[in-house]
Every structure is written in structure tokens, then in C-alpha cells.
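Quick notes on the structure that follows.
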Amino acid sequence: VRAAVGASESLAELGVESAHNRFDYRTIFQNAAPGETVRWLDTYCPHQNEFIDELTKALQRGVNVRMLIIDPNCDNARYRDQELKSTVVETGEGWLHGLRTFIAKMSAIAVQEPGNFEIRFYKDLPCAPMYLIGVAPRARVGYFSLFLVRATVDSQHLELHQGAWLADMAQYFEEKWVRQPARPPQAMAPLEPDHHA
């Protein structure tokens, strides 16, 4: 692609730096410096055990983390669960179970490391999974993939540095973040399914 006429200039304008055939989620937290913010937008990540240590280390060295996770009770979570029901999920109990497990683990870390780890839940369209690093509201590096008919966790990810795409993603994240109500980590229980509905 880069050999094609004009392609390298277009990719440079967008800020495409490289592609990761198998993305290592630890990279997100390892690359964040004290005072920077990791902004995470995804449904959830079933490989959380691979990066929990790096997440905790990042929080301890003064990195802020803002995590947008899909609300497990919303229609879009139900649609994604149906879409992925035939795929193999690490928990062995389906996509929604994996989502609730992820929320429980992230909430436990947020309670242990108060102050610089905030979780919010969205019900609207997820757009693309994106992981941005920088001094908010800007981002100096970002990684993203696409929601397809398989879990994106093992899909290819593009790495973005300064460019139009990264700026648009940072703006999108900020606008989505402020629309979601803040919740203390101890208040995650209301996200359990309402059996009376």
C-alpha cells in the first residue's frame, strides 16, 4: 500500500504509524507516562488477565485511566452477545458473562487504586474500540481495531501517532465520556441484570 502513488502521504496525514498483527494490551499501559491519561473505549477485553499487572503499575506511577465499557444491560450489549454467541470466549460461558467478569475485575482495581481510575458505562453505539494515550483532551498515540463478527481482541490493530484520525478519536472519546454518568467503583452492583424487568 505504501508503494502506491499518494498512499504513503495519505497514511501519514491520518497518522498511521504501524499495524499490530496480534495486539499486546500491556502496551497501552506500559507506554503511558505519569500525568498522562489512558482513555479506553471498548465493549470489554476478555484477555484482561494479561494486562492487569501493567494497569496496576501504571496507576501506581501516576497514570490516569478513564475506561468506557458497554453497559451489560443495554440493547447493544445484547446484540453483540447474539452476534458472538458462536465464538469461543475464554470464560466458556458466553460474551455477556465475560463482560460482567471484566467489569468486576476492573471495579476491584478501581477500588484498590482510588483517585486515578474511573469507569463509566455507555449504552449507545460503541463505534470502534480505541485506546488513547496522552494528556487529555489530546492524544499522542492511539491504537484501534474494528468491531466485526468475531471478537476484536485477536484482530489486527492500527497504531496512530499525531494526525487527523487520532485527533478525531480523542474528540469522540471526550464527547462520549461527558455524556455518561459517573459512578463510584463501589456502585457497580446496579449493573446486575434486573430480573423484574
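What you are looking at is a predicted structure, and each value in this text was computed from that prediction instead of being measured. All residue numbers in this chain count up from 1 along the given sequence.
- Between atom CG of residue Asn76 and atom OH of residue Tyr79 there is a gap of 7.0 Å, rounded to the nearest 0.5 Å.
- Contact detail for Val38 and Ile28: the closest heavy-atom pair is CG1-CG2, 3.5 Å.
- Look at Asp75 and Arg78 and you find a salt bridge, because one of the NZ, NE, NH1 or NH2 atoms lies within 4.0 Å of a carboxylate O, short of that distance.
- Side-chain N/O atoms of Tyr143 and Asn31 include a donor and acceptor closer than 3.5 Å.
- Remark: Leu55 CG to Met106 CE distance equals 6.0 Å, nearest 0.5 Å.
- Annotation for Val63 and Ala32: closest pair CG2-O, 3.5 Å, computed over non-hydrogen atoms.
- Closest approach of Leu96 to Ala77, counting heavy atoms only: CD2-CB, 4.2 Å.
- Side-chain contact between Asp124 and Lys176 is present, with heavy atoms from C-beta onward closer than 4.5 Å.
- The heavy-atom pair separating Ala128 from Ser145 by the smallest distance is CB-O, 3.5 Å.
- Here the CG-CG distance, from Leu99 to Leu84, works out to 11.5 Å after rounding to the nearest 0.5 Å.
- Residue pairs satisfying the salt bridge (charged side-chain N to carboxylate O under 4.0 Å, His left out) criterion with at least one member in residues 127-139, sequence neighbours excluded, are absent.
- Between the Asp71 side chain and the Lys123 main chain, no donor and acceptor come within less than 3.5 Å of each other.
- Side-chain contact between Glu159 and Val141: present, with at least one pair of heavy atoms (C-beta onward) separated by less than 4.5 Å.
- With sequence neighbours excluded, no residue forms a side chain to side chain donor-acceptor pair (under 3.5 Å) with Gln30.
- By the 6.0 Å contact criterion, CZ on Arg140 is enclosed, its count of non-hydrogen atoms from other residues, nucleotides or ligands being greater than 12.
- Note that the CZ atom of Phe102 and the CG atom of Asn49 stand 10.5 Å from one another [nearest 0.5 Å].
- The minimum heavy-atom distance between Cys74 and Ile70, with the atom names listed, is SG-CG1, 3.7 Å.
- Checking side-chain atoms of Arg66 against main-chain N and O of Thr37 turns up no donor-acceptor pair under 3.5 Å.
- Exactly one of Leu68, Asn64, Leu132, Val65 qualifies for a side-chain contact (heavy atoms from CB on, under 4.5 Å) with Arg39. That residue is Leu132.
- Between Met169 and Leu160 the shortest side-chain heavy-atom distance falls below 4.5 Å.
- Looking at heavy atoms from C-beta onward, Phe117 lies out of side-chain contact with Val111 at the 4.5 angstrom threshold.
- Counting only distance, with no hydrogens or angles, the side chain of Arg120 and the backbone of Arg179 share no donor-acceptor pair below 3.5 Å.
- Taking CZ of Phe29 as the reference point, atom CG of Asp24 lies at 11.0 Å (rounded to 0.5 Å).
- No side-chain donor-acceptor contact under 3.5 Å links Glu54 to the backbone of Phe51.
- Atom CG of residue Asp42 and atom OH of residue Tyr131 lie 3.5 Å apart, to the nearest 0.5 angstrom.
- Between Phe23 and Tyr25, the ring planes are perpendicular. Angles over 60° get that label, and only those under 30° would be called parallel.
- Of all heavy-atom pairs between Gly35 and Val135, the closest is O-CG2, 4.5 Å.
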